[in-house]
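One-based numbering along the sequence shown. Source: prediction; values computed, not measured.
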Amino acid sequence: MTMDIEVEKSFHKHPLEIDLTQSCVGELNTMVRDDINWPIIYGVGVNIKTGEIFPANFPDKGPDLPLRMARHFTGSHQVLDIYDAAVGMLRIGPFNYDPLRGVDLWLAQSDEFILKHLSTSPEVEPPHFAMQVRATLRYIQDNQFPAVTVFRNNNPHYFRRDETTGCWTPVRY
């Protein structure tokens, strides 16, 4: 499976030794509530000093989320390793996608409609799902050809975490 290979390559490049022994997906991370499958845990964190694994939420989804999500909305299924731990930078692009027809129609719909028709599991999506989808659809509408409008001269976008604020900041590289 492509994703497994990409994840493995990412772990091999990381300066810390990472031994991934179990991934909790599918049946192992599912409970049934009112005849609906729900994830037991949406995300996990790891204390790298102790090895403790704990449930975690990640409110910061990283920079340029609408751009990154646009790849998937327009048909790309390839998993990308966008973080280079050796230099401490996140790299997005360059990539292109075909224009998405009907964006205006999707944007005119209610949040409930978007949730029902654009989610694989609408009953268990987090509250921000429709907002993120709308932001992505607007991005696609405004940037129908990202190779021209977003990645001028075929240059990727680079980001580094600011050590003081913890925020992602654009950098020239």
Side-chain angles (χ1 to χ4, degrees), residues 1-7 10 23-26 29-30 33-45 55-84 89-162 165-173:
M1 182 175 189
T2 306
M3 186 170 85
D4 293 338
I5 293 167
E6 291 301 318
V7 169
S10 180
S23 177
C24 192
V25 296
N29 191 41
T30 302
R33 196 182 321 154
D34 298 325
D35 292 327
I36 298 171
N37 290 329
W38 287 75
I40 296 169
I41 299 174
Y42 281 87
V44 296
N57 292 321
F58 301 95
D60 180 0
K61 306 297 182 203
D64 276 351
L65 184 60
L67 171 61
R68 292 184 290 127
M69 287 179 64
R71 282 185 62 250
H72 297 289
F73 265 80
T74 55
S76 177
H77 300 290
Q78 180 186 14
V79 175
L80 299 177
D81 180 7
I82 62 172
Y83 186 72
D84 185 341
M89 281 199 290
L90 189 138
R91 177 183 187 249
I92 301 172
F95 58 82
N96 203 22
Y97 50 73
D98 293 328
L100 187 62
R101 296 180 348 164
V103 172
D104 293 340
L105 294 172
W106 284 109
L107 287 170
Q109 303 306 313
S110 68
D111 287 355
E112 293 77 23
F113 187 90
I114 287 175
L115 185 63
K116 181 178 178 183
H117 295 282
L118 293 180
S119 169
T120 58
S121 49
E123 299 88 356
V124 299
E125 290 292 358
H128 60 270
F129 177 83
M131 181 184 68
Q132 280 185 339
V133 169
R134 283 186 191 285
T136 301
L137 291 171
R138 278 192 293 277
Y139 195 92
I140 293 168
Q141 185 180 49
D142 294 342
N143 297 282
Q144 294 182 32
F145 300 97
V148 175
T149 60
V150 179
F151 301 110
R152 291 186 177 91
N153 300 320
N154 210 30
N155 291 328
H157 295 186
Y158 288 100
F159 296 87
R160 178 173 276 139
R161 279 206 105 128
D162 182 279
T165 65
C167 296
W168 291 102
T169 57
V171 293
R172 292 200 184 273
Y173 185 68

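Between N29 and I41 there is a side-chain heavy-atom pair separated by less than 4.5 Å. Using a 4.5 Å cut-off on side-chain heavy atoms (C-beta onward), S121 and N37 make no contact. Between W106 and H117, the closest side-chain pair of non-hydrogen atoms falls below 4.5 Å. No side-chain heavy atom of R91 sits under 4.5 Å from any side-chain heavy atom of D84. In this structure, the side chains of E125 and Q132 stay at 4.5 Å or more apart for every pair of heavy atoms.
Rounded to the nearest 0.5 angstrom, L67 CG and F151 CZ are separated by 4.5 Å. Residue W38 holds its CH2 atom at 12.5 Å from OG1 of T30, rounded to the nearest 0.5 Å. We find the CD-CG distance between Q109 and L118 to be 9.5 Å, quoted to the nearest 0.5 Å.
Looking at D162, its side chain does come within 3.5 Å of a backbone N or O of T165 through a donor-acceptor pair. With hydrogens and angles ignored, the 3.5 Å screen pairs a side-chain donor or acceptor of N96 with a backbone N or O of A147. Of the possible polar contacts, one joining the R161 side chain to the G166 backbone as a donor-acceptor pair under 3.5 Å is found. Listed for the R71 side chain is no donor-acceptor partner under 3.5 Å among the backbone atoms of G93.
Sorted by first then second residue, the salt bridge (Lys or Arg N to Asp or Glu O under 4.0 Å) pairs that include residues 103-116, not counting sequence neighbours, are D111-R134.
For P99 against F145, the heavy-atom pair with the smallest separation is CG-CZ, 3.4 Å. Between L100 and F73 the shortest heavy-atom distance is CD1-O, 4.2 Å. Scanning all heavy atoms of the two residues, the minimum distance from S119 to F129 falls at CB-CZ, 3.7 Å. Counting all heavy atoms, side chain and backbone alike, M89 lies closest to Y83 at O-CD1, 3.4 Å.
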Q: Apply the test side chain to side chain contact (heavy atoms under 4.5 Å, CB included) to residues Y97 and I140: give CA-CA distance (whole Å), side-chain angles for both, the deciding distance (0.1 Å), then the verdict.
A: CA-CA 9 Å; Y97 50 73; I140 293 168; 4.1 Å; yes
Q | V150 vs H157, side chain to side chain contact (heavy atoms under 4.5 Å, CB included): CA-CA, chis, key distance, verdict | A | CA-CA 9 Å; V150 179; H157 295 186; 3.4 Å; yes
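Under a cut-off of 6.0 angstrom, the local environment of CG in N57 is sparse, with at most 12 non-hydrogen atoms contributed by other residues, nucleotides or ligands. The environment of D60 atom CG is dense: over 12 non-hydrogen atoms of other residues, nucleotides or ligands sit within 6.0 angstrom.
In this structure, a donor-acceptor pair under 3.5 Å is present between the side chains of T149 and N143.
Screening T169, I92, I82 against F159 for a side chain to side chain contact (heavy atoms under 4.5 Å, CB included) leaves a single residue, I92.
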